[in-house]
Amino acid sequence: MADTLDLFGQSGPEALSDGAVLMRGFAVSETDALITGIESVATQAPFRRLMTPGGKPMSAAMTNCGAAGWVSDRRGYRYEACDPQTGRPWPEMSDGFRDLAVEAARLAGFEDFTPDACLINLYEPGARMSLHQDRDETDLSQPIVSVSLGLEAVFLWGGMARTDPTQKIILRHGDVVVFGGASRLRFHGIAPLKPGRCPGIGARRYNLTFRRAI
DNA sequence: CAGTCCCC
DNA sequence: CTGA
């Protein structure tokens, strides 16, 4: 069974912790549509490096699609219906994006995922994301679905306290991580991206994170 | 008060 | 520092 799936670059869901599941290669067959979708979003809402509340630019660039988009500036973190840079609503979340996220959540044991936000992070070599929690969403009973595309990255999977030890997990093109339940508020991050190049995508990693924000 | 997704 |  596992061998058959492995022929297609996939394997069964793998538990990272209580409520957190890694599905290797789950999104590989959707690569072309996902990349096209990201490029379409980026033409309407360009990637930009947000400021942290402390006033420093993040190293990963971000954009969003869906009814709500995550933003950060000197006033804090929040979700906004419109892109502050253009004043227009964030681009629609396509059915293809939504269906992929809902199906991944379902396979991970979360039946009623209704995402309204997709944050798209663009990492270039050297970019990172320090340990943080996703806690700006209203309904913490809904999971986060994270899709990795392009260059591989070292995912830091921590605990409920910032100082808890972290597990290092290599996330490759097409891998999907779902975390919810007891793991919904775990600290997590991304180690500085190593240089490299991915066919068709280049020296970049995209990360799509689907959330129920409002 | 709590939060602090930054330091390439 | 900001915003609940």
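Chain identifiers are assigned alphabetically (A, B, ...) following the order of the sequence lines, protein sequences preceding nucleic acid strands; residue numbering begins at 1 within each chain. Values in this document were obtained by computation on a predicted structure and should not be read as measured data. Hydrogens, waters and symmetry mates play no part in the numbers below; they use all other heavy atoms, side chains included.
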Once you apply a heavy-atom cut-off of 4.0 Å, does A:Pro57 come out as touching a base, just sugar-phosphate, or nothing?
sugar-phosphate
Take A:Pro192 and A:Arg211, find for each the nucleotide of DNA chain B with the closest heavy atom, and name the residue whose nucleotide sits nearer the 5' end.
A:Arg211
Pairing check on B:dC5: which nucleotide meets the Watson-Crick or G-U wobble criteria with it, both distances under 3.5 Å?
none
Canonical and wobble pairing (Watson-Crick, G-U, under 3.5 Å) of DNA chain C, dot-bracket with |
.||.
Check: A:Tyr79/A:Arg211 side-chain N/O donor and acceptor closer than 3.5 Å:
yes
Measure across A:Ala45 and A:Pro91 and return the closest heavy-atom pair with its distance rounded to 0.1 Å.
CB-CD, 3.8 Å
Heavy-atom contact window of chain A on DNA chain B, given 5' to 3' at under 4.0 Å
B:dG3 to B:dC8
For A:Ala127 and for A:Phe187, locate the closest nucleotide of DNA chain B by heavy-atom distance; then report the residue assigned to the nucleotide nearer the 5' terminus.
A:Phe187
A:Asn64 side chain to A:Trp70 side chain, donor-acceptor N/O pair below 3.5 angstrom
no
Do A:Phe179 and A:Trp157 make the cut of ring centroids closer than 6.0 angstrom?
yes
What distance do A:Glu92 atom CD and A:Gln44 atom CD have between them, rounded to the nearest 0.5 Å?
9.0 Å
Tell me whether the guanidinium CZ or amine NZ of A:Arg162 lies under 6.0 angstrom from the six-membered ring centre of A:Phe187 and within 45° of its axis.
no
Can you name the one residue among A:Asn207, A:Asp175, A:Asn121, A:Asp134 that meets side chain to side chain donor-acceptor pair (under 3.5 Å) with A:Ser146?
A:Asn207
Does one side chain, of A:Thr52 or A:Ser72, offer a donor that lies under 3.5 Å from an acceptor on the other?
no
Any side-chain to backbone donor/acceptor pair from A:Thr36 onto A:Asp32? Under 3.5 Å, distance only.
yes
Base, sugar-phosphate, or nothing for A:Gln133, non-hydrogen atoms under 4.0 angstrom?
base
Separation between CD1 (A:Ile120) and CZ (A:Phe47), nearest 0.5 Å, reads 5.5 Å
With distance as the sole criterion, is a donor-acceptor pair present between the side chains of A:Thr31 and A:His173 under 3.5 Å?
yes
Here the residues of residues 68-84 of chain A within 4.0 Å heavy-atom distance, strictly under, of DNA chain C are A:Arg74, A:Arg75
